[in-house]
Number of protein chains: 2
Amino acid sequence: MSVKHSTQHKILDAAQTLFAETGFTDTSLRQITSMAEVNLASVNYHFGSKKELIQAVLQRYLVVLMPRLDQEFTRLLALQQPNSLSQVLSVFVKPLLELNKVHQNGARIFLQLLGRGYTDVQGHLRWFFNHNYGRVLDKLVLLVQQACPDLPPSELFWRLHFSLGTVVFTMASNEALAEIAEADFNEKVDIEGVILRLLPYLSAAIAAPVTTVTQLSHTAPALAIKGI
Amino acid sequence: MSVKHSTQHKILDAAQTLFAETGFTDTSLRQITSMAEVNLASVNYHFGSKKELIQAVLQRYLVVLMPRLDQEFTRLLALQQPNSLSQVLSVFVKPLLELNKVHQNGARIFLQLLGRGYTDVQGHLRWFFNHNYGRVLDKLVLLVQQACPDLPPSELFWRLHFSLGTVVFTMASNEALAEIAEADFNEKVDIEGVILRLLPYLSAAIAAPVTTVTQLSHTAPALAIKGI
DNA sequence: TTTAAATTCAAACGTACATTTCAAACATGC
DNA sequence: GCATGTTTGAAATGTACGTTTGAATTTAAA
């Protein structure tokens, strides 16, 4: 049935599954090597350290995804005339789903790992990510800015991070959510289904009218209270 | 300057800070007791275990917040006529900010802890939370349902979880975000500022028009591809 | 002041972890 | 087929963790 895999490959496969399920810190090398049916020492032999294994697991997807995204962003930027927000966000879909070619359920696993990466570890992953792929995401910011010219840059900054949170958290708790959805609403939701539900949600959110505090305090008199 | 605090109090204060910063698993009891300047054994003496300490840290805020939320939800539900979505979401603001009375920066710390709770630990916190406060949140679902009568229940389920992700992730990485915002846009953003920015974002997101797959595939031809 | 309970303390316990070691097994080019 | 470099294996190392222990100390009631 299954082809013969190298030790590295077996380690990466087991590691990504356990990392996505339990997080980086809560997954031990012993769990990984035991699931991969390889020797404990082989992780350090092939990857150097646990830290480098984590990065290798992510790299397998990033080296596929990021050039694809970069290409899409560049294409949209070249169109000169501004794209709609939903057009911009839609370019994520295909590259993300193509991660399923890298590995079965690759898209889901990658997004889960991304979520873990942003909440689990404090330093090295964020650095690793920004250092290697920061420029690609700058293009995304530019595209969204063109799509929402009325949005102040600082507001856009916050809303893009809100959106990152939406995606990342949803994927981190994806398993639990999908189970509840299936039990409560009898609907099976795969990663594509979740992404499709995210698009209109995020489009509306990012493009939401900017509400000033004065406007808000009409519907939210709570803000008038002092001293807290 | 500072009043004399009991050992329990000192442990809770140190624990909440470290938990919020580093997460539950990545914070050791030795770090906590060393910051609190108490003996290592006192955690187990006063709280029983690390698990129970985590719950105690959260309880300090939950026992204040949840009855307040419950009261607000009940009040809105009693109005009979449906409330607008932004009215519903606005009731979170005051109770959340009142957590600053529980402890300095209590609102921020609590939301950060909530974020950690949803991503760090797998089992016991989610159970603890749903078991104790599930009924309060059922009222919220009802209110949102009334505010958005056109939203199918399953869509509402997903969007509320998307929104939870937005809040929870934003708070978990709040420190980093606030730093960047201050450096890039020269604007100091406190927890109240973040909450105020979240409200219009979430209102628009939850109430976004429901897009069907057919509609979407016009702007996102990516979905037409097969085999992935 | 006496006494009993509550609290603190230093030390140790057992466990799990990432990493290292080094000999054995394996593969590969000559 | 031998020698060389690569990979695996079982075992050990050292560290950090949560928790337990039992004696010392403080607290507070009698």
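Below, read A as the first sequence line, B as the second, and so on, with proteins coming before strands; counting in each chain starts at 1.
One can place CD of B:Q8 at 8 Å from P of C:dT8, the figure rounded to the nearest angstrom. In this structure, A:D26 places its CG atom 11 Å from P of C:dA18, rounding to the nearest Å. What separates NZ of B:K10 from P of C:dT7 is a distance of 14 Å, to the nearest Å.
For the pair A:E98 and A:R68, the salt-bridge criterion is met [side-chain N within less than 4.0 Å of a carboxylate O]. The existence of a salt bridge linking B:E21 and B:R108 is excluded, since no basic side-chain nitrogen approaches an acidic carboxylate oxygen closer than 4.0 Å. Taking 4.0 Å as the cut-off between side-chain N and carboxylate O, B:R60 and B:D13 count as a salt-bridged pair. With respect to B:R197 and B:E187, a salt bridge is recorded, a charged nitrogen being found less than 4.0 Å from a carboxylate O.
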Open item on the list: Let's go through B:I206 and B:S163 carefully: what are the C-alpha distance in whole Å and the side-chain angles of both, what is the deciding distance for side chain to side chain contact (heavy atoms under 4.5 Å, CB included) to 0.1 Å, and is it a yes or a no?
Closed with: CA-CA 8 Å; B:I206 296 174; B:S163 303; 3.4 Å; yes
Task: Test side-chain hydrogen bond (donor to acceptor under 3.5 Å, both in side chains) applied to A:T7 and A:S42, step by step - done: CA-CA 8 Å; A:T7 302; A:S42 55; over 6 Å; no
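If you check D:dT8, D:dT20, D:dG18 against the side chain of B:S28, the one that comes closest is D:dG18.
Judged by distance alone, with hydrogens and angles left aside, A:R30 brings a side-chain donor or acceptor within reach of the base of C:dA18, the pair sitting under 3.5 Å.
At a threshold of 4.0 angstrom between heavy atoms, the contacts of A:S42 with the nucleic acid are absent.
Under the 6.0 Å cut-off for aromatic ring centres, A:F157 and A:F162 do not qualify, their centroids lying 6.0 Å or more apart.
Within residues 32-40 of chain B, the residues having any heavy atom under 4.0 Å from DNA chain C are, by residue number, B:N39. If you check residues 11-20 of chain B against DNA chain C, you find no residue with a heavy atom closer than 4.0 Å.
Taking 4.0 angstrom as the limit, A:T7 places none of its side-chain polar atoms (N or O) nearer than this to OP1 or OP2 of D:dT7. In terms of phosphate contacts, B:H46 brings a side-chain nitrogen or oxygen within less than 4.0 Å of OP1 or OP2 of C:dT8.
Side chains of B:S49 and B:E52: a donor on one and an acceptor on the other come within 3.5 Å.
Here B:Y45 pairs with nothing under the ring pair (Phe, Tyr, Trp, His ring centres under 6.0 Å) rule; sequence neighbours left out.
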